[in-house]
Amino acid sequence: MGVPQESQESRESRESDAVGLFGPDSVTWQLHADPVMWVAGIRALYLQALHPRAVRGVVQNSDFRKDPWGRLMRTADFVGVTTYGTRTEAERAGARVRRIHSVIKAVDPVTEQPYRIDEPELLRWIHCAEVGSYLSVARQAGFPMTDELADLYLAEQRRSAELVGLGAEEVPGSVAELKRYFEEIRPALAMSDEARGVFDFLRRPTVPFVLVLGREVLWRQVAESAYAALPRWAKDLYGYRGLPSVVARPGLKVLRRAVGAATPVIRAVYPSPHLRGAMERLGPEVEPSVSRLPRLEAAGAAGSADAVGTVAEATGESRR
């Protein structure tokens with residue numbers, strides 16, 4: 001008796017699932033493997049903390065001071081599985097996040113009224129602060145991000161927004177829309193006691209005594225670089241200027257080049273389980289690389305003054 005033949009529909013469904021949400025030819029696939037994404041993630045945490053209702057939801061419902069790396073690692077794992085996992089794995093991760101968020105509430109200290117942390121406004125802020133930080137830090141560090149690629153990336157990231165419970169049209173899908181969003185949300189942002197706590201924690205997280213020197217020498221530099229990548233208005237809210245751009249930007253570029261040169265060794269010794277799984281499913285040729293970025297008919301070439309300026313404005317970064 002012969003083996004039943006797989007139908008074309010079944011094969012296409014299986015292949016679509018294996019490719020995942022974005023696929024190896026997407027901007028997301030290349031950008032999320034870039035060495036500076038850790039710096040971008042920290043920049044996102046600084047920025048997210050400036051929304052009083054959003055940061056209150058984190059502080060009231062997590063133990064980030066006692067588990068300093070837990071939140072970072074959970075966020076990194078979510079980004080990893082949604083970028084490089086199968087579609088089924090990504091959707092499962094999204095369902096888990098939605099389930100957790102659906103039962104968590106925070107309390108407004110002024111009105112003493114509880115509110116859900118999965119309010120669309122809060123989810124939208126977290127999403128925009130994250131993708132905006134990824135774009136901003138990557139560009140400042142030398143990633144070849146044109147306006148056209150940034151537009152494509154933001155359109156791709158609408159799929160991530162859907163995973164956490166937002167509609168695709170509820171988040172910016174272009175650089176112009178992201179710029180408009182940050183302009184509109186700024187009146188709702190403010191310094192708060194919770195934001196101060198996040199600021200202090202990111203600059204000096206709790207670590208075992210044997211790692212204190214490493215924190216002061218290595219982590220502090222990463223945290224300062226991430227803070228320096230914030231827009232000027234965010235730094236004004238924190239009341240701390242940080243490193244000037246003329247120092248921070250060259251430092252980010254050096255960091256990206258140095259870590260990038262070591263990336264093959266790092267991936268061989270400490271492989272990302274999600275990226276490794278993707279390469280096992282789809283083949284070694286899908287390994288992320290800027291050479292795989294989509295070739296678009298760009299109105300402004302990579303690195304041009306116009307492209308740099310527009311992305312900078314959209315992500316809120318200071319060009320000084």
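Values in this document were obtained by computation on a predicted structure and should not be read as measured data.
Judged purely by distance below 3.5 Å, without hydrogens or angles, the side chains of S26 and T28 never pair a donor atom with an acceptor atom. Checked by atom type, the side-chain pair H127/E170 shows no donor-acceptor distance below 3.5 Å.
Between the E194 side chain and the P52 main chain, no donor and acceptor come within less than 3.5 Å of each other. Using a distance-only test at 3.5 Å, with no hydrogens or angles considered, no donor-acceptor pair links the side chain of R87 to the main chain of D17. No donor-acceptor pair closer than 3.5 Å links the side chain of R98 to the backbone N or O of V164. With hydrogens and angles ignored, the 3.5 Å screen pairs no side-chain donor or acceptor of Q60 with any backbone N or O of A106. Proximity of a side-chain donor or acceptor of E89 to a complementary backbone N or O of T86 within less than 3.5 Å is detected.
Residues F199 and L202 have side chains not in contact (no heavy-atom distance under 4.5 Å, counting atoms from C-beta outward). The side-chain heavy atoms of V290 and Q30, taken from C-beta on, include no pair separated by under 4.5 Å. A 4.5 Å side-chain heavy-atom check between Q157 and V171 finds every atom pair outside the cut-off. The closest side-chain heavy-atom distance from L21 to T83 is not below 4.5 Å. In this structure, V79 and E130 have side chains that are in contact, with non-hydrogen atoms separated by less than 4.5 Å. Inter-residue side-chain proximity for L135 and L154 is flagged as met; some heavy-atom pair is nearer than 4.5 Å. At a threshold of 4.5 Å between non-hydrogen side-chain atoms, the residues P35 and L255 do not count as touching. Between F22 and R159 there is a side-chain heavy-atom pair separated by less than 4.5 Å.
Between L123 atom CG and L166 atom CG the span is 5.0 Å, to the nearest 0.5 Å. Annotation: the span from M279 atom CE to Y84 atom OH amounts to 10.5 Å, rounded to 0.5 Å. Residue R53 holds its CZ atom at 4.5 Å from CD of E119, rounded to the nearest 0.5 Å. L230 contributes atom CG, which lies 11.0 Å from atom CG of D236 (distance to the nearest 0.5 angstrom). Taken to the nearest 0.5 Å, the CG atom of D118 stands 12.0 Å off from the CD1 atom of I100. Rounded to the nearest 0.5 angstrom, E287 CD and E285 CD are separated by 10.5 Å.
Partners of D151 under the side chain to side chain contact (heavy atoms under 4.5 Å, CB included) rule, at least two apart in sequence or in another chain, are S174, V175. R186 pairs by the salt bridge (charged side-chain N to carboxylate O under 4.0 Å, His left out) definition with nothing, not counting sequence neighbours.
Tracing side-chain contacts under 4.5 Å through hydrophobic residues (I, L, V, M, F, W, Y), one reaches L45 starting from Y238; they form part of the same cluster. Note: the hydrophobic cluster containing V131 also contains Y181 (ILVMFWY, side chain heavy atoms under 4.5 Å, direct or indirect links). Tracing side-chain contacts under 4.5 Å through hydrophobic residues (I, L, V, M, F, W, Y), one never reaches V59 starting from I117; they form parts of separate clusters.
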Residues K235, Y240; criterion side-chain contact (heavy atoms from CB on, under 4.5 Å); working and verdict: CA-CA 6 Å; K235 296 175 187 177; Y240 174 65; over 6 Å; no
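Residues H32 and Y134 bring their aromatic ring centres within 6.0 Å.
The two residues P24 and W29 come nearest to each other via the heavy atoms CA-CD2, 3.3 Å. When all heavy atoms are compared, the tightest approach of Q48 to I126 is NE2-O, 3.2 Å. Shortest non-hydrogen contact noted between Y46 and A226 is CE1-CB, 4.2 Å.
Heavy atoms from other residues, nucleotides or ligands lying under 6.0 Å from CZ of R241 number 12 at most.
Under a 4.0 Å N-O distance rule, the pair R203/E224 qualifies as a salt bridge. Note on E162 versus R158: no salt bridge recorded, every NZ/NE/NH1/NH2 to OD/OE distance being 4.0 Å or above.
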